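Read the structure below first, then the notes.
If you're wondering where the values come from, they're calculated on a predicted model, not measured in any experiment. Chain letters run A, B, ... following the sequence lines, proteins first and then strands; every chain starts at 1.
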2 protein chains.
Amino acid sequence: MPMGRWEPNARDRLAQAAMTLFQEHGYDRTTVEDIAARAGLTERTFFRYFTDKKEVLFGGSDALHERIVTTIAEAPQGTAPLDAVAAALEAMTPFFKDRRDHVRARQTLLAAHAELRERELIKLASMASAAADTLRKRGVTEPTASLAAEAGIAVFKVAFERWLEDPKAQDLSRHIQLGLDELRAVTASTGTVPPATPPQRPARPAKASRR
Amino acid sequence: MPMGRWEPNARDRLAQAAMTLFQEHGYDRTTVEDIAARAGLTERTFFRYFTDKKEVLFGGSDALHERIVTTIAEAPQGTAPLDAVAAALEAMTPFFKDRRDHVRARQTLLAAHAELRERELIKLASMASAAADTLRKRGVTEPTASLAAEAGIAVFKVAFERWLEDPKAQDLSRHIQLGLDELRAVTASTGTVPPATPPQRPARPAKASRR
DNA sequence: AGTAGTGATGTCAGTAGCTGACATCAAGGG
DNA sequence: CCCTTGATGTCAGCTACTGACATCACTACT
């Protein structure tokens with residue numbers, strides 16, 4: 001069984017080399033050439049696999065993207081938009097399960113580099129947009145589709161962050177559920193008519209005010 | 001009254017020069033040197049005012065940021081989190097009023113350049129984060145604060161987009177109001193129980209490759 | 001077998017975004 | 001009148017990224 005002319009999995013090798021070097025020497029003190037060299041390739045080849053130096057940290061995002069779309073597309077007839085989105089968020093969790101440490105290391109990098117956070121945000125936005133598209137194909141109209149999708153991503157962002165920090169290490173899935181509940185609570189009973197009964201959590205007892 | 005040694009408003013001149021050149025020749029065929037030259041300055045000086053070539057398109061964002069924070073901080077005691085955020089969104093609208101054409105031209109640029117959209121997204125995220133901080137100072141706990149803030153930004157994104165496309169040219173303010181209402185509708189009455197009546201017909205699950 | 005094609009990679013040269021270090025020079029204060 | 005200061009200019013350099021072209025093992029077809 002002759003091996004190919006080149007070592008296989010160039011893409012993965014590059015991604016791994018990058019992650020290692022970023023952690024060892026920091027993001028900006030690692031040049032693309034360094035990464036390529038460590039993977040046994042050249043800079044030019046790196047840019048054939050990744051459009052960007054940043055992109056090397058976002059390998060799994062296509063798979064996530066697809067998972068979201070198919071999950072929403074396959075939701076049972078009559079599922080409410082936000083429930084379809086919730087199902088999609090749920091369907092994302094396996095990608096992170098048992099990888100909390102790895103994910104956390106990645107987040108540390110993102111926290112230190114705005115350019116990387118920018119990339120993360122546009123990936124999330126692109127997922128929201130795809131989710132909205134899919135909802136629209138199911139007959140959901142605007143602005144409902146976009147709002148359900150964007151709200152879902154908002155929940156995911158918050159849940160994800162809390163999952164990473166959770167000392168009790170509860171499932172991401174659990175945090176998503178909590179986030180959704182909290183979103184419903186936050187949007188319920190507000191607007192022009194204040195609730196008769198104060199919600200929960202009065203840090204400072206205050207008189208009800210209207211707007 | 002002798003003028004200063006240099007023409008005043010270097011920053012504004014740079015921003016204007018950039019906008020003009022971007023529209024005339026496109027974003028990436030305009031070099032920073034071009035921009036600086038048109039403003040009667042040098043490339044080096046450009047980078048003293050803007051960290052980035054991209055940043056030159058995001059001049060007003062600090063003012064917006066501040067407006068959000070102060071509006072939330074000054075909301076009456078007892079205002080529900082989402083209502084405080086809604087007030088902040090409302091307070092942003094004057095920045096755009098009567099500038100729809102200019103804003104639209106800017107959006108055209110963003111639409112064509114992912115790097116610019118990334119920057120826009122991180123600005124919005126930073127506003128959400130600031131809004132959440134301010135809510136927290138008012139005694140709102142996590143994850144309520146973050147969710148209210150992120151949901152608010154989600155509403156703003158959708159409202160903003162619809163405002164730009166609205167053939168009836170209704171106020172941004174109006175679109176925000178509609179967005180908030182729709183958000184409340186989307187999050188209400190959902191959860192585990194789907195509605196009895198199915199919505200409209202979905203399109204056939206089609207093969208679509210994104211990205 | 002011989003040959004032509006294909007695909008992943010390498011080589012090279014060039015552009016432009018961005019930075020650090022240092023120079024300049026008018027305005028204002030003492 | 002000198003000294004400081006702040007906005008700008010000059011210069012050199014790094015590196016992310018791109019286009020054009022070369023290479024060369026492997027494949028497929030004749």
So that I can tick it off, tell me whether A:K54 and A:E115 are bridged by a salt bridge, with the cut-off set at under 4.0 angstrom between side-chain N and carboxylate O. no

Here the gap from B:T42 atom OG1 to B:F46 atom CZ, rounded to the nearest 0.5 Å, amounts to 11.5 Å

Under 4.0 Å between a side-chain N or O of A:T45 and OP1 or OP2 of C:dG10?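 Looking at the OP1 and OP2 atoms of C:dG10, one of them is under 4.0 Å from a side-chain N or O of A:T45.
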
For D:dT8, does OP1 or OP2 lie under 4.0 Å from any side-chain N or O of B:Y49? yes

Atom [atom1] of [X] and atom [atom2] of [N]: how far apart are they, to the nearest Å?
X: B:L41; N: D:dG6; atom1: CG; atom2: P; result: 19 Å
X: A:L14; N: C:dA8; atom1: CG; atom2: P; result: 14 Å
X: A:I35; N: C:dT9; atom1: CD1; atom2: C1'; result: 18 Å
X: B:R29; N: C:dT15; atom1: CZ; atom2: P; result: 17 Å

Where does the angle between the aromatic ring planes of A:F96 and A:F160 fall among parallel (under 30°), tilted (30 to 60°) and perpendicular (over 60°)? perpendicular

Any side-chain donor-acceptor pair under 3.5 Å between B:S146 and B:E142?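 There is such a pair between these side chains.
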
Relative to A:Y27, does A:K53 satisfy both conditions: NZ or CZ under 6.0 angstrom from the six-membered ring centre, and within 45 degrees of the ring's axis?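 Pair A:K53/A:Y27 counts as cation-pi.
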
cation_pi(A:R11, A:F50) dist<6.0 Å, angle<=45: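 Output yes; distance and angle both within limits.
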
Give the B/S/- string for nucleotides 15-22 of chain D, one per nucleotide from 5' to 3', where a protein heavy atom under 4.0 Å of the base yields B, of only the sugar-phosphate yields S, and otherwise -. -SBBBB--

